[in-house]
Engineer: 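Before I ask anything, let me first share the structure, which is written out below as structure tokens.
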Amino acid sequence: MAMGFLEVAGYGTALYAMDKACKATDIRILGIDTINPKDSSANIPLTVQVKFEGSVSDVKIATEVAHEAALKFNTEKEIITSVIDNPYEGTSQLGKITKVKING
């Protein structure tokens, strides 16, 4: 089992990238988090992080597919991906804390 993370600029980018990743592999989205600026004067796009899990190989492939798909809308500097292979159980529980929980 592994946990994967995709962080991009824009909710639409996250949806597009994760749709491609889910179609390419057998992963389960755990949740979606957004980071909004504290004041509206900041000229930065909404940052969205998607957390997902699956087998190590599926999560690695999903991360690559999501990264490639996100490049359609974001620059390389706006995309962050990460994989945690065989996470410690406490880490897995922390990964499930999210603003938008996915049922299923």
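Just so it is clear, the model here is predicted, and its values are computed rather than measured. Note: hydrogens, waters and symmetry copies are ignored here, and every other heavy atom, side chains too, is used.
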Engineer: To the nearest 0.5 Å, how far apart are CD1 in Ile79 and CG in Leu71?
Structural biologist: 4.0 Å
Engineer: For a quick test of reading the model, state the closest non-hydrogen atom pair linking Asp85 to Ala2 and the distance between them.
Structural biologist: CA-CB, 4.2 Å
Engineer: Please say whether more than 12 non-hydrogen atoms of neighbouring residues, nucleotides or ligands are located less than 6.0 Å from CG in Asp26.
Structural biologist: no
Engineer: Consider only side-chain heavy atoms of I, L, V, M, F, W and Y, link residues closer than 4.5 Å, and tell whether Tyr11 and Val8 are in one cluster.
Structural biologist: yes
Engineer: Find out if a path of hydrophobic residues (ILVMFWY) with successive side-chain heavy-atom gaps under 4.5 Å connects Phe73 to Val50.
Structural biologist: no
Engineer: For the atom pair CD1 (Ile80) and NE2 (His67), what is the distance rounded to the nearest 0.5 Å?
Structural biologist: 9.5 Å
Engineer: Might you point out which heavy atoms bring Ala17 and Ala69 nearest each other, and give the distance in Å?
Structural biologist: CA-CB, 3.8 Å
Engineer: Look at the side-chain heavy atoms of Ile, Leu, Val, Met, Phe, Trp and Tyr, link any pair under 4.5 Å apart, and say whether Ile84 and Leu30 land in one connected group.
Structural biologist: yes
Engineer: Going hydrophobic residue to hydrophobic residue with side-chain gaps under 4.5 angstrom, can you get from Ile29 over to Leu46?
Structural biologist: yes
Engineer: Over all heavy atoms of both residues, which pair between Met18 and Ile27 is shortest? Give the atoms and the distance, please.
Structural biologist: CE-CD1, 3.9 Å
Engineer: Can you find a pair of side-chain heavy atoms, one from Val48 and one from Asp33, that are under 4.5 Å apart?
Structural biologist: no
Engineer: Between Leu6 and Thr63, is any pair of side-chain heavy atoms under 4.5 Å apart?
Structural biologist: no
Engineer: Could you give the distance from CZ (Arg28) to CD (Glu53), rounded to the nearest 0.5 Å?
Structural biologist: 4.5 Å
Engineer: Restricting to non-hydrogen atoms, name the atom on Ala9 and the atom on Asn74 that form the minimum distance, rounded to 0.1 Å.
Structural biologist: N-OD1, 2.8 Å
Engineer: Please report the closest heavy-atom contact between Phe52 and Ala62, naming both atoms and the distance.
Structural biologist: CE1-CB, 3.9 Å
Engineer: Glu7 pairs by side chain to side chain contact (heavy atoms under 4.5 Å, CB included) with which of Lys51, Gln49, Glu78?
Structural biologist: Gln49
